[in-house]
Protein chains: 2
Amino acid sequence: MEPKKRFIEIVQQLRTLIREEQIKEGDKLPSERVLSERLQVGRSAVREALRSLELLGLIETKHGGGTFLSTSPQHKLIEVLATFIMNDKKSITDVHATRLLHEQEAIRVICRNEKMRQLPVWESLFIRLEVKENVVRKDVLREIMIACDNRLALRIWLQLEAYSGKPMYGFITVQEKPYVLTLVKALQLGLEQEALQAHLAWVHHNTEKGDKEHGDS
Amino acid sequence: MEPKKRFIEIVQQLRTLIREEQIKEGDKLPSERVLSERLQVGRSAVREALRSLELLGLIETKHGGGTFLSTSPQHKLIEVLATFIMNDKKSITDVHATRLLHEQEAIRVICRNEKMRQLPVWESLFIRLEVKENVVRKDVLREIMIACDNRLALRIWLQLEAYSGKPMYGFITVQEKPYVLTLVKALQLGLEQEALQAHLAWVHHNTEKGDKEHGDS
DNA sequence: CTTTTAAAAGTGGTCATACCACTTTTGGAG
DNA sequence: CTCCAAAAGTGGTATGACCACTTTTAAAAG
């Protein structure tokens, strides 16, 4: 085997430390200076490892505040990829297509798995939609990605989602609500084709119209 | 907008520099010291940007040799992800499932696109397989991923593939050749279901038997 | 006592320097 | 010309010093 990169080792050590220290999501990590002493490496080496984790959205850093385990992953990964290898408009298309790809597969997986279909989250979503509560688009899709139980795919999707921009953060409008309701219902019943179709129709509806609203900062 | 992270800016500057300097894949980039002077930032800042690009497989660094634009992307991304957020055996399962997901979608896209189906690469592959030439498994799948023309998905797949390990680098055996031939032929003819099925059967065949051979270092 | 506010300590961000390990280039010996 | 050792170049790491910003602390004001 080729010799491991240094910062990969440090990442592994950080992982062990986090587990031993029982550091949970949102908690503060030891400072860079403390870490460099604990791990017996220079601060610059620690920073390179932390930078990698930040790029993947696994940690968040606040200037002057500290380093924290991420709660809701904010990555920079796709942003770097996009600015670096993609020049033209095709970047947006690719991100969109790749995101859709993951969502469609998740729907397939869920439809074919009885336990996933019976998760209470679907009933909960259905009620929230029917009761005219404002539901953010992203939330529905995130639940789907979470349900299909592939943490790696979830990570990738979260990164794609964050780069998809504002439309994902908008509320579900009255016009598009039928698509979502159909999607959720079809998911519960395991109607794969219907669910896939509803999802596509929904996404298509959103991309046709240029929504500008978005929920939170 | 929130103020951009420093290393993101530097990544963009690097991109501009690479374009202006006409640096192509495989070419050497200016040294870290030169870059830090050209961009008027510290060497550590340059290194953080370069580390990000390396993590994404966009550049390769050789200790004592220099920094080069990647020809065939070498990740580290999935490795970091896997070692950090995945503890148990499920990591391997997730990587595998996610890779399959991308391959299946690529097959669907190709089958539904006439131009992609008519690419000469399929005929070429078919001949190479029939003539008993040794063909590496990874190569077939990579051609498929390339053909479907989603650079982002291709990047992600390449990273997943690299983490999938040795089986991908093995040669296609006589036993599994029928699956591959069926897959390629079905691709050309646009027989979506048959292609998907052949692909699954092939992968299943490979994961059942534990191949140890692998082609190059 | 509580509230307010300014100083101090802590932390990430950046730069500069020095040194090490390794590779590439160079130039002289044969 | 070939071969090989020295020199130069380059990435890798550690250290120290600042800066900008946040959090904590403690003194001052009410």
Side-chain angles (χ1 to χ4, degrees), chain A residues 1-14 17-18 21 23 26-71 74-76 79-80 217, chain B residues 1-14 17-18 21 23 26-71 74-76 79-80 217:
Chain A
M1 282 294 147
E2 66 268 15
K4 286 180 182 177
K5 290 278 180 177
R6 189 72 138 99
F7 74 96
I8 295 281
E9 291 180 25
I10 297 180
V11 164
Q12 293 171 340
Q13 292 181 27
L14 283 176
L17 186 146
I18 287 171
E21 301 278 323
I23 299 174
D27 289 356
K28 190 155 91 173
L29 270 63
S31 72
E32 295 178 352
R33 291 165 179 84
V34 171
L35 284 176
S36 75
E37 191 179 354
R38 291 254 300 253
L39 304 183
Q40 285 294 297
V41 295
R43 192 182 153 202
S44 56
V46 171
R47 277 185 64 78
E48 293 203 348
L50 289 178
R51 176 68 68 251
S52 299
L53 296 180
E54 188 187 8
L55 190 70
L56 297 177
L58 298 173
I59 61 173
E60 291 169 1
T61 53
K62 274 200 302 184
H63 187 181
T67 307
F68 304 82
L69 260 194
S70 281
T71 50
Q74 282 298 66
H75 62 5
K76 288 297 171 196
E79 186 171 346
V80 172
S217 60
Chain B
M1 282 294 147
E2 65 268 19
K4 286 178 182 175
K5 290 276 181 180
R6 189 73 136 97
F7 72 97
I8 296 282
E9 290 179 26
I10 296 180
V11 164
Q12 292 172 340
Q13 292 182 34
L14 284 176
L17 185 146
I18 287 171
E21 302 277 324
I23 298 174
D27 290 355
K28 189 154 93 172
L29 271 61
S31 71
E32 295 179 352
R33 290 166 178 83
V34 172
L35 284 176
S36 75
E37 192 179 355
R38 293 253 301 253
L39 304 182
Q40 285 294 294
V41 294
R43 191 182 155 205
S44 57
V46 171
R47 278 187 61 79
E48 294 201 349
L50 290 177
R51 175 68 70 247
S52 299
L53 297 180
E54 187 187 11
L55 192 68
L56 296 177
L58 298 171
I59 62 172
E60 291 169 2
T61 54
K62 274 201 300 184
H63 187 182
T67 307
F68 304 83
L69 261 193
S70 281
T71 50
Q74 283 298 70
H75 65 357
K76 283 304 168 195
E79 187 171 346
V80 173
S217 59

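Order of the sequence lines fixes the chain letters, A, B, ..., with proteins taken first and strands second; residue numbering starts at 1 for each chain.
One finds no side-chain N or O of A:Thr61 lying less than 4.0 angstrom from the OP1 or OP2 phosphate oxygen of C:dT11. Taking side-chain N and O atoms only, B:Lys62 has no distance below 4.0 Å to OP1 or OP2 of D:dG12.
Summarising the geometry, atom CG belonging to B:Leu35 is positioned 7.5 Å from atom OG1 belonging to B:Thr67; distances are rounded to the nearest 0.5 Å.
The two residues B:Glu54 and B:Thr61 have their closest heavy-atom pair at OE2-OG1, 3.1 Å. When all heavy atoms of B:Glu32 and B:Leu50 are compared, the closest pair comes out as CG-CD1, 3.8 Å.
Taking 4.5 Å as the limit, some side-chain heavy atom of B:Leu39 sits within range of a side-chain heavy atom of B:Leu14.
Residues of residues 29-37 of chain B having a heavy atom closer than 4.0 Å to DNA chain C, listed by number: B:Arg33.
Between the CZ atom of B:Arg47 and the C1' atom of D:dT10 there is a distance of 10 Å, rounded to whole Å. The interatomic distance linking A:Leu39 (CG) with D:dA14 (P) rounds to 10 Å, in whole Å. Rounded to whole Å, atom P of C:dG10 lies 16 Å from atom CZ of A:Phe68. The separation between B:Glu48 atom CD and D:dG12 atom P is 13 Å, rounded to whole Å. If you take CD1 of A:Ile59 and P of C:dT11, they are 15 Å apart, rounded to a whole angstrom. Taking atom NE2 of residue B:His63 and atom P of nucleotide D:dT10, one finds them 13 Å apart after rounding to whole Å. Following rounding to the nearest Å, B:Leu53 (CG) and D:dG11 (P) show an atom-to-atom distance of 14 Å.
Applying the 3.5 Å distance criterion, the base of D:dG16 shares no donor-acceptor pair with the side chain of A:Arg43. The base of C:dG13 is not paired with the side chain of A:Arg51 by any donor and acceptor separated by under 3.5 Å.
Residues meeting the side-chain contact (heavy atoms from CB on, under 4.5 Å) test with A:Glu21, sequence neighbours left out: A:Leu17, A:Ile23, A:Arg38. Contacts of B:Arg33 classified as side-chain contact (heavy atoms from CB on, under 4.5 Å), with partners at least two apart in sequence or in another chain: B:Ser31, B:Arg43.
Toward the 5′ end of DNA chain C lies the nearest nucleotide of B:Ser44, the other residue of the pair B:Ser44 and B:Lys28 mapping further downstream.
A:Gly42 comes within 4.0 angstrom of sugar-phosphate atoms only, judged by non-hydrogen atoms across all strands, and of no base.
Using a 4.0 Å cut-off between a side-chain N of Lys or Arg and a carboxylate O of Asp or Glu, A:Glu48 and A:Arg51 do not qualify as a salt bridge.
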